[in-house]
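Any value given below was found using the heavy atoms of this structure, including those in side chains, with hydrogens, waters and symmetry copies removed. The chains referred to below are lettered A, B, ... by the order of the sequence lines, with proteins before strands, and numbering in each begins at 1.
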Amino acid sequence: MPEFGWNCQKRCDATRHPYWQPTQSPGRMLRQARDEFVQLLTEALETTGWSTDSLALEEPPEDVDAIVASSIAFRLASEAQRPPPAVAAELADAMELEGATYLSRVETAGPYLNAIPADIYFRDTLQAAIEADFGQLPKQDETVVVEHTSANPTGPIHVGRARNPIIGDAIARLLIAAGYEVDIHYYVNDAGRQMAVFTWAYETFDENDLAEPPSRDRIEYDLVRYYRKGNSFLEEASSDEVGEAEAEIEAIMQGLEAGDEETYKRVSEVTDQVLEGMKACLARLPATFDTFIKETNFMLDGSTDGVVSRLQALEEAVFEDDAWQLELEDHGIDKRLVFLRSDGTSLYPTRDIAHHEWKFEQYDRAVTVLGEDHKLQADQLRTALSLLGNDTSQLQQVLYSYVNLAEGRMSTRRGTGVDLDDLLDEAIERARSEVERRMDDRIRDDGLDEETVEQIANIVGIGAVRYDIVSKQPTKPITFEWEHALDFEAQSAPFVQYVHARCCGILDRVEEPVGDDLSAPSHPTERALCELLAMYPYVVEEAAKELAPHRVASYLQDLADAFNAFYRDCPVLDSSGEVRANRLALVRGTQTVVANGLDVLGVGAPEVM
RNA sequence: GGGCACGUAGCUCAGCCCGGACAGAGCGUCUGGCUUCUAACCAGAUGGCCGUGGGUUCGAAUCCCACCGUGCCCGCCA
């Protein structure tokens, strides 16, 4: 079978294949190969005169050499009045491969059409994968704001919420890798009743009223004790005392609603301090933000009032029990949305509408990561925004299921739960003892100093926690168990990180430049690894489309497996010539993809382990 | 009661959006592999009425309906 490809005349016939040229994009071999296959298949359908609504593309099984396949023959069998294998064979015959770059031929396997890559597919992949920015997709003309975490500034972040910053940060990173311009926001709920309670408690009680010292030397651990004290007081005190406290809390909320500067300052004193502590915790993950936008902004600038008037003017608005509400039954939501209390103050959803309109003004798309307990509110928000004339297709809400303890739910107010700081500490500790055990067990002569061990422990420990969460579908329920969360076995971050360290170990010993004189590798294990490298940009593209970072994790698992097989079968440093050049490129490519892929997940890639 | 999510090997999970090639991993259990480019690794064995029942289809873990189990929500809280 002759090898078609890059030196073929028909390739330059742009009038015949109008869109092949534009889809060519550096480093996106699989994307282009798929486009080519689609084109060939479409033309073959025209030739044969058959039609169907789907090309039935699929990923071929592992033991097949193809990189893309189709089961379209099944669909055409009745129209063609022939058995599927005959249909497949006819289609394969009708395909004119002369125009393709990355596909060398299309084979049939029974009813299946399998597209086999050309040698240049492998060579170009190697060439692309050794570039540091491999998998960074071309710039998109779309700005996105990713809002995540947005936890009430009431106290330490517990594990129940930890999914939010981890998934949110990974989604933001994924979108950046996919070429979007991304801002990351934290919406600070500083205007609600909770913060009024907190402010009152902070001003009312002092250290002597608190039962216990802070469990950690950081500001939010100190202050949360006032919040808890305030809440338990409201539950337990006499009705006179509670009445007095409630009056004060009500005064704070009215003050905020009226835009009173003094009240705002009192609340800010609490909010800002607690938030500083929470930021410090999030920075450990690390989850960082471009903007912390406060709820009170939308009260002070009058936009919440504006939203209220516009909502009141809607057909769906009803005034009942002295409160303004939205009747959303006709929109599939049988729970009314109250947007103005009988005392004239706004509610969280009202302000969130103003907040979202503000986001819509500045960004093309708004992604929000929310706990599943906010599902109803998310639906109400979307509907209300739509009724106010917004295009809600630009709003994407990603829901995750809360992390619970076996004994029940975690709560900042009640003080039940495991603090994220404690989980991270423990993870780092375990990682450190693993590193040390390995140093003792094995005479590696790594010469790891204290500082390096510390660094590895951090990257591996925190990476394991992040990876454990980000590698699963967000909607899957998780029950927190220490043993599980700290399981560093295979199919975890350390497994993937280890591959990176192995790559670094090899490349450290190499003097020559990597990337000269590359060709298509011949060893099956090399080719399998190379095919996986070629997939990476495609994986980023698909994962970003679905806002599903866990797909990147699954891919990295496969890549790590393939690399370990390669590591076993194909000596790199002991090889020479063309083989060595290719193998070095495979190592560099794997190193790059693992580092870039882990980076998308927000997980570090250590150079030694 | 209603709405939503989840149910795949003893355990933890991919696969489901967009139906197709024998349902894949890891952990566990059992066997084997370090004077070798890092054994946080690898090779092999073991293990599945894909919650249940129906439907659509040439073909269903995947789509539709019903049911069962679990979780979340159904505040003038956020």
Side-chain angles (χ1 to χ4, degrees), chain A residues 54 56-58 60-64 69-75 77-78 83-84 109-112 114 150-152 154 189 191-195 197 295 321-325 332-335 338-343 345 347-349 352 371-377 379 399 401-402 404 409 431 434-435 437-438 441-442 444 446 460 468 471-473 475-479 481 484 487-499 501-510 545-546 548 550-551 553-554 557-558 560-561 564-565 567-575 583 587 608-609:
Chain A
S54 166
L57 294 196
E58 53 185 279
E62 270 178 41
D63 53 349
V64 173
S70 171
S71 59
I72 196 171
F74 284 112
R75 292 160 196 269
S78 68
Y112 296 97
N114 291 322
S150 300
N152 299 328
T154 51
N189 309 139
R193 187 185 145 80
Q194 292 183 58
M195 291 318 294
V197 169
E295 224 182 329
D321 300 329
D322 295 331
W324 279 95
Q325 327 185 7
I333 300 172
D334 59 9
K335 175 82 187 86
V338 178
F339 61 90
L340 198 67
R341 291 190 181 94
S342 51
D343 67 2
T345 56
L347 291 93
Y348 176 85
D352 206 19
E372 63 174 348
D373 49 334
H374 288 63
K375 176 73 163 81
L376 173 62
Q377 196 220 309
D379 290 342
L399 298 171
S401 152
Y402 232 65
N404 286 313
R409 209 180 154 125
E434 283 292 304
V435 178
R437 185 174 64 77
R438 277 159 229 280
D441 280 8
R442 311 181 46 71
R444 280 249 183 93
D446 279 323
V460 171
D468 182 53
S471 62
K472 291 171 180 136
Q473 280 186 51
T475 47
K476 295 270 186 181
I478 294 181
T479 300
E481 291 164 71
H484 252 277
D487 183 4
F488 292 176
E489 295 296 335
Q491 215 168 57
S492 71
F495 176 80
V496 179
Q497 290 171 322
Y498 189 60
V499 164
R502 276 182 155 177
C503 291
C504 292
I506 292 172
L507 294 169
D508 273 351
R509 299 169 187 236
V510 172
K545 203 183 292 172
E546 298 169 31
H550 76 275
R551 291 194 186 267
S554 297
Q557 204 68 232
D558 291 342
D561 279 335
N564 284 327
Y567 188 88
R568 180 194 66 226
D569 293 344
C570 306
V572 179
L573 297 178
D574 287 345
S575 61
R583 288 185 179 173
V587 174
V608 282
M609 278 177 78

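- The side chain of A/Gln194 has B/C77 as its nearest neighbour among B/C77, B/U12, B/A14.
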Let me have a per-nucleotide readout for nucleotides 63-75 of chain B, 5' to 3', with B, S or -, counting only protein heavy atoms under 4.0 Å. --------BSSSS
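- Using a 4.0 Å cut-off, some side-chain N or O of A/Gln473 falls inside it from OP1 or OP2 of B/G15.
- OP1 or OP2 of B/C27 has not a single side-chain nitrogen or oxygen of A/His484 nearer than 4.0 Å.
- Here A/Arg568 does not reach the OP1 or OP2 of B/C41: none of its side-chain N or O atoms lies under 4.0 Å away.
- Using a 4.0 Å cut-off, no side-chain N or O of A/Arg75 falls inside it from OP1 or OP2 of B/C18.
- Put simply, NZ on A/Lys476 is 19 Å from P on B/C4, counting in whole angstrom units.
- Between the P atom of B/G19 and the CD1 atom of A/Ile72 lies a distance of 13 Å, rounded to the nearest Å.
- In this model, the phosphate group of B/A78 is not approached by any side-chain N or O of A/Tyr348 to a distance below 4.0 Å at OP1 or OP2.
- Between A/Asn564 atom CG and B/C34 atom P there is a gap of 18 Å when expressed in whole angstrom units.
- Closest to the side chain of A/Pro60, from the set B/C4, B/A21, B/U12, is B/A21.
- The A/Thr475 side chain lies nearest to B/C6 when the options are B/A40, B/U12, B/C6.
- Contact annotation: A/Arg438 side-chain N/O to B/A40 OP1/OP2 distance is under 4.0 Å.
- With B/A40, B/A14, B/C37 as the candidates, the nucleotide lying closest to the side chain of A/Pro571 is B/C37.
- Comparing the C1' positions of B/C6 and B/U52 gives a spacing of 16 Å, expressed to the nearest Å.
- OP1 and OP2 of B/C17 both lie 4.0 Å or more from every side-chain N or O belonging to A/Arg551.
- Checking the phosphate oxygens (OP1, OP2) of B/C17, no side-chain nitrogen or oxygen of A/Lys545 falls inside 4.0 Å.
- Only the C1' atoms considered, B/U57 is 13 Å distant from B/U62, to the nearest whole Å.
- Not one side-chain nitrogen or oxygen of A/Arg437 sits closer than 4.0 Å to the OP1 or OP2 atom of B/A39.
- As a whole-Å value, the separation of A/Gln491 CD from B/G15 P is 12 Å.
- If you take atom C1' in B/G75 and the same atom in B/G53, they sit 39 Å apart, rounded to whole Å.
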